[in-house]
Amino acid sequence: MAVFVALGAFLMTLAGGWTAQRVTDRRHLVLGLAGGLMLGVVGLDLLPEALRAADTEIHGVPAALLLFVAGFLLAHLVERLLAARRAAHGAVEHTAVRHGAADHGAADHGAVRHGAVEQAAVGHDAVGHDAAEHRHRSPEVGLTAAAAMVGHSLMDGVAIGASFQVGGGMGTAVALAVIAHDFADGFNTFTLTRLYGNARRKALAMLFADAVAPVAGAAASAFLTIPEDVLGGYLALFGGALLYLAAAEILPEAHHAHPARSTLLCTVAGVAFIWLVVGVAG
C-alpha cells in the first residue's frame, strides 16, 4: 500500500520538474518561486520537524539548531572551495591561451596583432561581463544540492512506509503531505541543477532520481528503521544547506536582473504554498 501511494509522489515530483522546464522564458519568476518554496520548506517544515525529533541539547543549544547552522556553513564552504578551484583553473587556461595567441600573431602581424588584442580585451570586458558574474558557480554544487533533494525525497518515502505501519489514517495523512510538497521538490531539483550550469540531461536525470526516491524509500521502510534522533539531525543539516542555497544563491539571482514586484510576489507565493501544505497536513 505504501509503495502504491508513493507513486503519487513520483508523479507530483515529475509535474514540478516539468513546470520548471516550461517557464524558462520567465527565469526570474521561476527562481523567485523556487527561493520561496525552499524558504518555506526549511522554516515551516524541516526545521520544526528536526527540533521535534532531535530534542537533545549541547551546551545549552538544541542539537538540531547546531546541525542546522553546520549545514549552512558546510554548504557555504563547499561552494567557496569549488568556486576558488574553478577560478584558478580558468585563470591558468586564460593565460595560456593569451600567450599562445600572442606568440602566434607576433610572427607576421605585429602592429595589427597589437590593435586586435586591445580590441579583443575591450570586447571581452563588455560582452563577457554577465558571464563573469556567474563564473564562480560550480556545476558540482548544483548536482550536490540536487542529490541532497533526492536524499530528502528518499526519507519522505521511508516516512510514508513507517506511517502506514502505525495505521491507515496516519499513513494517509503523511502521504498527502509528502505528495503535496513533492511538487516543490521536483521544481527545486530541476531549477537548482540548471542554475549552476549543468546540462539539461543532467537536470532531467536528477529530476527522475528525485521522483523515484519516495517509491524506493517506501519499499525500503519494510526492511529498515531509522532512529528518530538521527532523522532529526539529518533534516536539520539538510535544512541549513538548503537555506544557504535559497538565501545566498537563488533569491539574489532572481532579483539581480529583474528586481520586479512580480518576482517578490512569486517568492511570497512559494512560502504561502508550503504554509498551506503544512497546515493541511496538520
Side-chain angles (χ1 to χ4, degrees), residues 1-21 33-34 37-50 53 71 75 141-164 171-196 198 202-226 228 230-243 245-246 250 270 273-274 277-278 281:
M1 180 62 180
V3 175
F4 177 76
V5 171
L7 289 175
F10 172 85
L11 296 175
M12 190 62 77
T13 302
L14 292 181
W18 180 86
T19 302
Q21 293 182 69
L33 179 61
L37 291 171
M38 292 170 70
L39 179 59
V41 167
V42 171
L44 307 178
D45 185 18
L46 295 183
L47 190 54
E49 180 65 22
V141 175
L143 291 175
T144 302
M149 296 295 294
V150 173
H152 173 56
S153 295
L154 184 67
M155 293 300 102
D156 282 345
V158 172
I160 291 176
S163 62
F164 270 101
T172 301
V174 171
L176 288 175
V178 169
I179 290 172
H181 88 250
D182 269 357
F183 178 88
D185 285 352
F187 191 97
N188 289 334
T189 298
F190 185 87
T191 302
L192 277 171
T193 309
R194 292 289 284 157
L195 176 64
Y196 283 84
N198 290 285
K202 289 187 177 180
L204 290 175
M206 296 308 298
L207 173 63
F208 183 75
D210 190 45
V212 171
V215 181
S221 65
F223 308 100
L224 59 89
T225 301
I226 300 177
E228 192 174 29
V230 174
L231 180 59
Y234 164 77
L235 292 176
L237 192 71
F238 172 65
L242 205 60
L243 180 63
L245 294 174
I250 289 185
F273 174 76
I274 298 300
V277 169
V278 171

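Sequence positions, counted from 1, serve as the residue numbers for this chain. Just the heavy atoms: all of them, side chains too, but no hydrogens, waters or symmetry mates, feed the values below.
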Exercise: identify the closest heavy-atom pair between Met38 and Leu242
CE-CD1, 3.4 Å
Here the pair of heavy atoms bringing Tyr234 nearest to Ala148 is OH-O, 3.6 Å
Which residue in the set Leu143, Val141, Leu192 passes side-chain contact (heavy atoms from CB on, under 4.5 Å) when paired with Asn198?
Leu143
Once you round to the nearest 0.5 Å, how far does CZ of Phe208 lie from OG1 of Thr13?
11.5 Å
With rounding to the nearest 0.5 angstrom, report the CE to OG1 distance, Met149 to Thr189.
4.0 Å
State, to 0.1 Å, how close Met206 and Ala147 come at their nearest heavy-atom pair, and which atoms those are.
CE-N, 3.5 Å
What's the spacing between Gln21 CD and Thr191 OG1 if we round to 0.5 Å?
9.5 Å
Rounded at 0.5 Å granularity, tell me how far CZ in Arg194 sits from CG in Leu207.
12.5 Å
For Ala75, the side-chain contact (heavy atoms from CB on, under 4.5 Å) test, sequence neighbours excluded, returns Ala241, Tyr244
Enter the distance from Asn188:CG to Phe183:CZ here, rounded to the nearest 0.5 Å.
10.0 Å
Restricting to non-hydrogen atoms, name the atom on Gly232 and the atom on Ala50 that form the minimum distance, rounded to 0.1 Å.
O-CB, 3.3 Å
Residue pair Ala146 / Thr193: nearest heavy atoms and the distance that separates them
CB-OG1, 3.4 Å
When rounded to the nearest 0.5 Å, the distance separating CZ of Phe187 from CG of Leu33 is 4.5 Å
Please give me the minimum heavy-atom distance between Ile274 and Leu37, naming the atom from each residue.
CG1-O, 3.7 Å
Would you mind reporting whether Asp210 and Phe190 have side-chain heavy atoms less than 4.5 Å apart?
no
